[in-house]
Amino acid sequence: SMLIKLVEVNLNQQQSNVRELYVNTASIISITAESRPRVLEEVKSLGFSNFTSFSTIVINEGSNSRTITVAHSPDEINKKINSSKTLLKG
(Lines give C-alpha, C1' and ligand atoms only; values in the text may rest on other atoms or scores of the structure.)
Protein backbone atom coordinates (compact mmCIF):
# COMPACT_ATOMS: atom_id res chain seq x y z
CA SER A 1 0.00 0.00 0.00
CA MET A 2 1.07 3.57 -0.73
CA LEU A 3 0.59 6.97 0.84
CA ILE A 4 -0.49 9.89 -1.31
CA LYS A 5 -0.43 13.52 -0.20
CA LEU A 6 -3.71 15.43 -0.47
CA VAL A 7 -4.95 18.85 0.61
CA GLU A 8 -7.85 18.36 3.00
CA VAL A 9 -10.45 21.09 3.44
CA ASN A 10 -12.03 21.04 6.86
CA LEU A 11 -15.35 22.86 6.79
CA ASN A 12 -17.13 23.66 10.00
CA GLN A 13 -19.09 26.57 11.42
CA GLN A 14 -16.47 27.72 13.91
CA GLN A 15 -13.23 27.41 11.97
CA SER A 16 -12.69 26.19 8.43
CA ASN A 17 -9.12 25.29 7.60
CA VAL A 18 -6.86 23.58 5.10
CA ARG A 19 -4.14 21.04 5.82
CA GLU A 20 -1.96 18.51 4.09
CA LEU A 21 -2.86 14.93 4.72
CA TYR A 22 -1.35 11.58 3.73
CA VAL A 23 -3.86 8.90 2.83
CA ASN A 24 -3.17 5.20 2.48
CA THR A 25 -4.39 4.33 -1.02
CA ALA A 26 -5.49 0.88 0.18
CA SER A 27 -8.03 2.46 2.55
CA ILE A 28 -9.83 4.63 -0.05
CA ILE A 29 -13.35 3.26 -0.57
CA SER A 30 -14.72 5.87 -2.96
CA ILE A 31 -13.94 9.23 -4.58
CA THR A 32 -16.79 11.49 -5.68
CA ALA A 33 -16.66 14.90 -7.34
CA GLU A 34 -17.91 17.49 -4.86
CA SER A 35 -20.77 19.49 -6.34
CA ARG A 36 -22.83 20.65 -3.35
CA PRO A 37 -23.25 24.44 -3.73
CA ARG A 38 -22.91 25.05 0.02
CA VAL A 39 -19.53 23.31 0.12
CA LEU A 40 -18.29 25.03 -3.04
CA GLU A 41 -19.29 28.43 -1.63
CA GLU A 42 -17.47 27.73 1.58
CA VAL A 43 -14.22 26.61 0.01
CA LYS A 44 -14.18 29.82 -2.03
CA SER A 45 -14.13 31.77 1.23
CA LEU A 46 -10.89 29.91 2.06
CA GLY A 47 -9.25 31.49 -0.98
CA PHE A 48 -9.35 28.67 -3.53
CA SER A 49 -9.73 29.74 -7.14
CA ASN A 50 -12.76 28.92 -9.24
CA PHE A 51 -10.58 26.49 -11.18
CA THR A 52 -9.92 24.24 -8.19
CA SER A 53 -11.91 21.01 -8.18
CA PHE A 54 -12.97 19.27 -5.01
CA SER A 55 -13.76 15.68 -4.14
CA THR A 56 -15.27 13.78 -1.29
CA ILE A 57 -13.29 10.71 -0.29
CA VAL A 58 -14.57 7.90 1.91
CA ILE A 59 -11.76 6.28 3.88
CA ASN A 60 -12.01 2.91 5.58
CA GLU A 61 -10.79 3.05 9.20
CA GLY A 62 -11.33 -0.51 10.35
CA SER A 63 -14.81 -0.87 11.79
CA ASN A 64 -15.98 2.50 10.50
CA SER A 65 -15.36 4.94 7.69
CA ARG A 66 -14.56 8.64 7.55
CA THR A 67 -15.51 11.14 4.85
CA ILE A 68 -13.17 13.99 3.95
CA THR A 69 -13.27 16.81 1.41
CA VAL A 70 -10.09 17.44 -0.57
CA ALA A 71 -8.95 20.10 -3.05
CA HIS A 72 -8.38 17.68 -5.93
CA SER A 73 -10.61 16.32 -8.69
CA PRO A 74 -11.31 12.56 -8.72
CA ASP A 75 -9.12 12.42 -11.84
CA GLU A 76 -6.16 14.09 -10.09
CA ILE A 77 -6.46 11.69 -7.16
CA ASN A 78 -6.60 8.73 -9.50
CA LYS A 79 -3.43 9.96 -11.24
CA LYS A 80 -1.69 10.30 -7.86
CA ILE A 81 -2.67 6.74 -6.96
CA ASN A 82 -1.46 5.40 -10.30
CA SER A 83 1.82 7.29 -10.22
CA SER A 84 2.51 6.02 -6.71
CA LYS A 85 2.04 2.47 -8.01
CA THR A 86 4.43 3.11 -10.90
CA LEU A 87 7.09 4.37 -8.49
CA LEU A 88 6.86 1.13 -6.55
CA LYS A 89 7.70 -0.98 -9.61
CA GLY A 90 10.84 1.18 -10.00
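All residue numbers refer to positions in the sequence shown, counting from 1.
Remark: side-chain polar atoms of H72 are not paired, donor with acceptor, to backbone N or O of S55 under 3.5 angstrom. In this structure, the side chain of K80 engages the main chain of K5 through a donor-acceptor pair within 3.5 Å.
The CG atom of L46 sits 8.0 Å away from atom CG of N17, with the distance rounded to the nearest 0.5 Å.
Both V23 and I81 are assigned to one and the same hydrophobic cluster, defined by single-linkage of ILVMFWY side chains at heavy-atom distances under 4.5 Å. By the criterion of side-chain heavy atoms lying less than 4.5 angstrom apart, applied directly or through intervening Ile, Leu, Val, Met, Phe, Trp or Tyr residues, I4 is grouped together with I57 in one hydrophobic cluster. Taken together through direct or relayed side-chain contacts under 4.5 Å among Ile, Leu, Val, Met, Phe, Trp and Tyr, L11 and V18 form part of one hydrophobic cluster.
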Check against side-chain hydrogen bond (donor to acceptor under 3.5 Å, both in side chains), E42 and S16
CA-CA 8 Å; E42 234 179 285; S16 296; 3.2 Å; yes

As a quick check of understanding, evaluate side chain to side chain contact (heavy atoms under 4.5 Å, CB included) for V43 and T52, giving each step before the final call.
CA-CA 10 Å; V43 292; T52 309; over 6 Å; no

Applying salt bridge (charged side-chain N to carboxylate O under 4.0 Å, His left out) to E76 and K79, what does each step give before you reach the verdict?
CA-CA 5 Å; E76 284 174 74; K79 285 195 178 94; over 6 Å; no

Please list, one pair per line, the donor and acceptor atoms closer than 3.5 Å that link side chains of residues 58-65 to other protein atoms, with sequence neighbours excluded.
from	atom 1	to	atom 2	distance (Å)
N60	OD1	G62	N	3.2
E61	OE2	R66	NE	2.9

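In this structure, E34 and L40 approach most closely via the heavy-atom pair O-CD2, 3.8 Å.
Identified under the ring pair (Phe, Tyr, Trp, His ring centres under 6.0 Å) test for residues 17-61, with sequence neighbours left out: F48-F54.
In this structure, N78 and I31 have side chains that are not in contact, with every pair of non-hydrogen atoms separated by 4.5 Å or more. Put simply, the side chain of V9 does not reach to within 4.5 Å of the side chain of V39, judged on heavy atoms.
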